[in-house]
Amino acid sequence: MLINQTNQINGSDHSAHEAYYRRVSLPAGDVHVYAGDELFGAMGAKVFEMANNNLQIPNIRYMSYTPDVHVGVGTCIGTTAVWETESAFVSPSIVGSDIGCGMRVHLTNLKAENLRDVKLRRQLVKAIEKRVPTENQTRGRFSDIRLERVVAKGLHGLPGKYVPDAYTPRQATSLTRVESSGFLLDEDYLSRFPDRIWHRAHRQLGTLGGGNHFVELQAIEIEESSREIAKQWGLFDGQIAVMIHSGSRAWGGAVNQYCGSEVAKAMRQGGWGTADPKLLFAPLHSEAGKAYVHLMYSALNFAVVNRHLIAYAIREACKETFGAKFEMSTLYDLMHNYAWEEKREGESLFVHRKGATRALPPGHPDNPKAYAATGHPALIPGSMGTASYLMVGAPGGAANHYSICHGAGRVRSRNATKQLVKVEEFSQAMRIGREDEIVVNHRSLEAILDESPQAYKDIDQIIASVVGAGLASVVAKCRPLAAIKGV
DNA sequence: ATGTGC
């Protein structure tokens with residue numbers, strides 16, 4: 001494929017940032033790539049073939065890759081794709097398979113020294129695992145929660161006991177500190193799902209899921225240049241944070257399955273298509289497009305509530321371990337797989353993010369009230385055994401529709417990792433057997449070998465690219481002390 | 001990432 005590159009951001013005065021940006025011209029259009037030389041050089045031809053297919057979707061206005069980009073189904077993970085709402089197409093492939101997948105961070109009143117004892121970390125991991133099911137087969141819990149209310153209204157559909165401060169306006173932090181606590185949808189679309197899907201999804205409320213999903217206990221290290229923002233967010237050095245990475249579980253899967261065939265049918269009728277039969281898209285205002293958007297919103301609602309219930313269970317486990325003095329507040333809940341409308345200077349855009357995190361700068365009007373002055377926290381997970389990051393958007397992010405990376409980004413497939421990496425190497429990366437061991441819930445690391453850090457790019461390089469490109473800055477680094485993984 | 005079917 002013929003590829004031309006330039007590296008001038010919007011032709012403006014971003015010269016200091018140009019080492020981390022390239023506009024790559026492909027036959028079907030341009031993809032804007034944010035990455036340093038080494039990460040850019042490591043991007044395979046397949047990543048650009050996928051871009052060339054995605055750029056053939058009618059009326060697309062902008063497409064970009066973050067430095068952690070890697071091949072996915074139909075569309076790469078690390079994609080931002082933008083249309084004007086009026087003439088938009090919506091693509092289930094660009095949203096991706098785990099609709100609403102994202103991060104949540106809670107701040108605790110614990111300090112790193114409270115978790116210095118490896119036995120205590122093990123005890124805590126066990127207590128959390130008891131309340132946050134990490135296996136697929138779980139019994140029905142939360143019998144007081146109505147799933148039809150949850151998928152229709154998000155956090156607003158939960159009984160008050162799960163959102164204790166939601167109804168006292170002066171302290172309504174848990175709702176305002178969530179990217180969106182409820183997506184509005186036409187509930188008629190929900191009647192399309194059979195009973196077995198409702199039952200399975202209800203059983204899965206508050207469960208972690210497999211793959212890269214996790215709960216981690218981390219110690220916060222504030223970036224010197226960000227002390228003021230860190231203070232306003234309530235962070236302190238050595239503070240223990242709880243980071244949760246999970247998504248919409250089987251509910252989102254059912255949405256993809258049902259809508260996928262409807263969208264494929266609409267594509268045949270409309271005569272649309274690309275070289276990749278797995279790249280699905282339909283006009284936003286068509287029947288198939290509308291059905292997908294409404295049901296995608298139901299999966300976003302499920303995902304937000306799922307992370308919220310995982311946090312609720314973790315709070316219970318920590319209270320059991322540390323007593324009633326334990327406190328845990330919400331820092332933020334932020335997705336990286338979704339599509340929705342965003343306003344830009346009076347214009348309405350339809351923005352898809354797949355493995356891309358929105359990071360708004362200070363003062364941007366779309367920030368929630370609690371973060372209007374600082375910009376909202378952008379929550380970026382590292383791979384197992386490596387640090388995660390709390391970041392904040394920079395004004396330069398406007399050039400990329402405020403999208404930054406969503407993590408380290410896979411560098412080799414799950415199968416290739418299992419062939420290449422030895423359990424012993426994974427064990428060393430987790431410092432197993434040492435006093436500073438990162439405690440993992442699994443008795444054997446073998447079951448999660450495909451999640452070893454060797455399967456991922458270097459998160460520090462990814463972060464350096466995002467910062468270097470002027471999209472965001474680091475507020476704090478979060479070092480892992482314990483991890484709970486599903487399978 | 002996921003449930004389902006081989």
Side-chain angles (χ1 to χ4, degrees), chain A residues 50 68-79 91-104 132-140 147 151 192-215 244-261 263 278-280 292 295-296 298-307 309-310 335-339 352-357 381 383-384 406-418 442 447-452 455-456 483-487:
Chain A
M50 283 204 150
D68 51 330
V69 68
H70 59 103
V71 170
V73 178
T75 299
C76 289
I77 292 118
T79 295
S91 168
S93 308
I94 309 187
V95 172
S97 49
D98 190 1
I99 300 169
C101 181
M103 310 303 303
R104 177 180 270 250
V132 181
T134 54
E135 281 146 29
N136 214 358
Q137 302 300 323
T138 52
R139 289 165 176 283
L147 181 59
V151 293
R192 299 180 183 203
F193 290 119
D195 283 354
R196 74 187 154 79
I197 288 173
W198 287 93
H199 289 135
R200 187 174 62 201
H202 192 280
R203 279 201 308 277
Q204 287 186 332
L205 279 168
T207 65
L208 191 54
N212 58 1
H213 292 169
F214 66 78
V215 169
I244 300 164
H245 183 188
S246 190
S248 57
R249 311 287 280 109
W251 182 266
V255 170
N256 279 320
Q257 206 174 15
Y258 174 77
C259 294
S261 54
V263 167
K278 289 189 169 158
L279 178 55
L280 303 178
Y292 174 70
L295 290 169
M296 171 188 48
S298 80
L300 300 182
N301 283 335
F302 186 100
V304 168
V305 168
N306 190 42
R307 285 188 292 274
L309 292 174
I310 290 170
M335 309 170 293
H336 46 236
N337 292 351
Y338 61 97
H352 296 66
R353 294 194 177 87
K354 179 182 191 179
T357 308
S383 53
M384 281 191 78
H406 87 304
R410 198 157 265 283
V411 73
R412 52 179 59 92
S413 72
R414 296 191 179 277
N415 280 332
T417 308
K418 283 178 187 165
H442 289 272
I448 51 169
L449 191 57
D450 52 352
E451 282 296 312
S452 74
Y456 287 89
I484 293 111
K485 295 282 291 182
V487 283

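Keep in mind it's a predicted model, so treat the numbers as computed, not measured. The sequence lines fix the lettering, A, B, ..., with proteins before strands; numbering per chain opens at 1. Both backbone and side-chain heavy atoms feed into the values below; hydrogens, waters and symmetry mates do not.
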For atom [atom1] of [X] and atom [atom2] of [N], their distance in whole Å:
X	N	atom1	atom2	result
A/Asn256	B/dG3	CG	P	13 Å
A/Met103	B/dA1	CE	C1'	15 Å
A/Gln257	B/dA1	CD	P	18 Å
A/Phe302	B/dT2	CZ	P	11 Å
A/His245	B/dT2	NE2	P	10 Å
A/His406	B/dA1	NE2	C1'	12 Å
A/Phe214	B/dA1	CZ	C1'	15 Å

* Asked: How would you label the contact of A/Gly209 with the nucleic acid (heavy atoms, under 4.0 Å): base, sugar-phosphate, or nothing?
  ->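 The residue A/Gly209 makes sugar-phosphate contact but no base contact.
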* Asked: Touch check for A/Asn212, heavy atoms < 4.0 angstrom, all strands: base, sugar-phosphate only, or nothing?
  -> sugar-phosphate
* Within the distance-only criterion (no hydrogens, no angle test), does the side chain of A/His199 pair as donor or acceptor with the backbone N or O of A/Asp195 below 3.5 angstrom? -> yes
* Asked: Under the 3.5 angstrom rule, does the side chain of A/Asn306 hit a backbone N or O of A/Gly247 as a donor-acceptor pair?
  ->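 Judged by distance alone, yes, a pair lies under 3.5 Å.
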* By side-chain contact (heavy atoms from CB on, under 4.5 Å), which residues pair with A/Ala339, not counting sequence neighbours? -> A/Val95, A/Met296, A/Phe350, A/His352
* Mind checking side-chain contact (heavy atoms from CB on, under 4.5 Å) for A/Ala447 and listing every partner two or more places apart, or none if nothing turns up? =>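 With neighbours one apart ignored, the set is A/Val487.
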OP1, OP2 of [N] versus side-chain N and O of [X]: anything below 4.0 Å?
X	N	value
A/Gln204	B/dT2	no
A/Arg200	B/dT4	yes
A/Arg249	B/dA1	no

* Taking the six-membered ring for Trp, are the ring centroids of A/His406 and A/His245 within less than 6.0 Å of each other? -> no
* Extract the stems that DNA chain B is part of, considering only consecutive pairing runs of at least three Watson-Crick or G-U wobble pairs, both distances under 3.5 Å. => none
* Asked: Does A/Arg196 or A/His213 map to a spot on DNA chain B nearer the 5' end, using the closest nucleotide for each?
  ->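 Here A/His213 is the residue nearer the 5' end.
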* Hey, does the Lys NZ or Arg CZ of A/Arg410 hover above the aromatic six-ring of A/Tyr456, less than 6.0 Å from the centre and inside 45° of the axis? -> yes
* To do: Measure the shortest side-chain to side-chain distance between A/Val255 and A/Ser298 over non-hydrogen atoms and say whether it is less than 4.5 angstrom.
  =>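 Of all side-chain heavy-atom pairs linking A/Ser298 with A/Val255, at least one is under 4.5 Å.
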